[in-house]
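Per chain, numbering begins at 1; letters A, B, ... match sequence-line order. Here the structure is a predicted model, which is why all the values come from computation and not from measurement.
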Protein chains: 2
Amino acid sequence: MFKRMDHVGVVVHDIDATLKTYCDQLGFKLLERVEIPEQKVVAAFLDGGNSTIELISPTDAESGTARFLANRGEGTHHVCYEVDDIQAALAMLRDQGVRLIDETPRQGVHGLVAFIHPKAANGLMIEVLQKAHK
Amino acid sequence: MFKRMDHVGVVVHDIDATLKTYCDQLGFKLLERVEIPEQKVVAAFLDGGNSTIELISPTDAESGTARFLANRGEGTHHVCYEVDDIQAALAMLRDQGVRLIDETPRQGVHGLVAFIHPKAANGLMIEVLQKAHK
């Protein structure tokens, strides 16, 4: 079902300070920096070879990402897997009794996305992505 | 410097119960299950397309993994990047002032490994790996 790991999402306080750390000190390359007003976040995708790192910072104290930061601090938020058909993937997961956050796909930066509940995968939050170019 | 993301490490309480969840419900395939007595853990690698998931469970209440579970609960522990030359990678990171956990590489399951301190990457713990077959 999961075709490839598209990215690992990391929630951080200050996206531009973090980009400086990741690019200047750790050697990542910035691919794209995007504001996502409907989610009240700014995101940046960094080249990591076969997969990317998505840095995510809240732009509003009321966002889910701001609550994550307040509760857990900076760190890994989710792992995103690409699937060919997100409706089929969600149906298969539902058939297996997997608890979903998003029962129906919604529009993400790079295509249709849905989150699986972290309790369904022992604390790992999995995002599934059907890329828009398909 | 980082060539490819080799795996994402996830710490869990019960590796066999988790394998059942990941394989039967989430559709991952088990590649390898290994006891690592010197680290007091058992690990299992699951196929995730271009990268793998490493599930890790403590086999001793005094292990670092057991302390992680007690403090943080189940969830993502680290992201592992493959490098061509781990000594060169650690030297480059040190030159950039990056805080390391392992100043010198040590033997891991699939080659020489070293961990970067999570404070150096905003809460993301990065492992670097030079594969043994190189």
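- Residue with the most contacts toward chain B among A:M125, A:R72, A:M1, A:H13: A:R72 (heavy-atom pairs, distance under 4.5 Å).
- Note: B:R99 CZ to A:Q25 CD = 13.0 Å, rounded to the nearest 0.5 Å.
- Considering CG of A:N50 and OH of B:Y81, their distance stands at 8.0 Å, rounded to 0.5 Å.
- Only the backbone of B:D24 comes within less than 4.5 Å of a heavy atom of chain A; no side-chain atom from C-beta onward does.
- For CD of A:E103, the number of neighbouring non-hydrogen atoms (other residues, nucleotides, ligands) closer than 6.0 Å is greater than 12.
- Linking ILVMFWY residues whenever their side-chain heavy atoms come closer than 4.5 Å, directly or via other members, leaves A:L129 and A:I53 in distinct clusters.
- Interface remark: B:A89 contributes no atoms to any contact with chain A (heavy atom separation under 4.5 Å).
- Most heavy-atom pairs under 4.5 Å with chain B, from the set A:D14, A:V11, A:T18: that is A:T18.
- More than 12 non-hydrogen atoms from other residues, nucleotides or ligands lie less than 6.0 angstrom from CD of B:E38.
- The hydrophobic clustering, which links ILVMFWY residues whose side-chain heavy atoms are closer than 4.5 Å, places B:L112 and B:I36 apart.
- A:V79 and A:F68 fall into different hydrophobic clusters, defined by Ile, Leu, Val, Met, Phe, Trp and Tyr side-chain heavy atoms under 4.5 Å apart, directly or through other members.
- A continuous path of ILVMFWY side-chain contacts below 4.5 Å connects B:V128 to B:L100, so both sit in one hydrophobic cluster.
- Nearest heavy-atom pair, A:V8 versus B:M5, reported as atom, atom and distance to 0.1 Å: CG2-CE, 3.6 Å.
- A 4.5 Å side-chain heavy-atom check between B:Y22 and A:L124 finds at least one atom pair inside the cut-off.
- Taking hydrophobic clusters as Ile, Leu, Val, Met, Phe, Trp and Tyr residues chained together by side-chain heavy-atom distances below 4.5 Å, B:L19 does not share a cluster with B:I56.
- Ranking B:V98, B:L93, B:L26, B:T21 against chain A, the residue ahead of the rest is B:L26, based on heavy-atom pairs under 4.5 Å.
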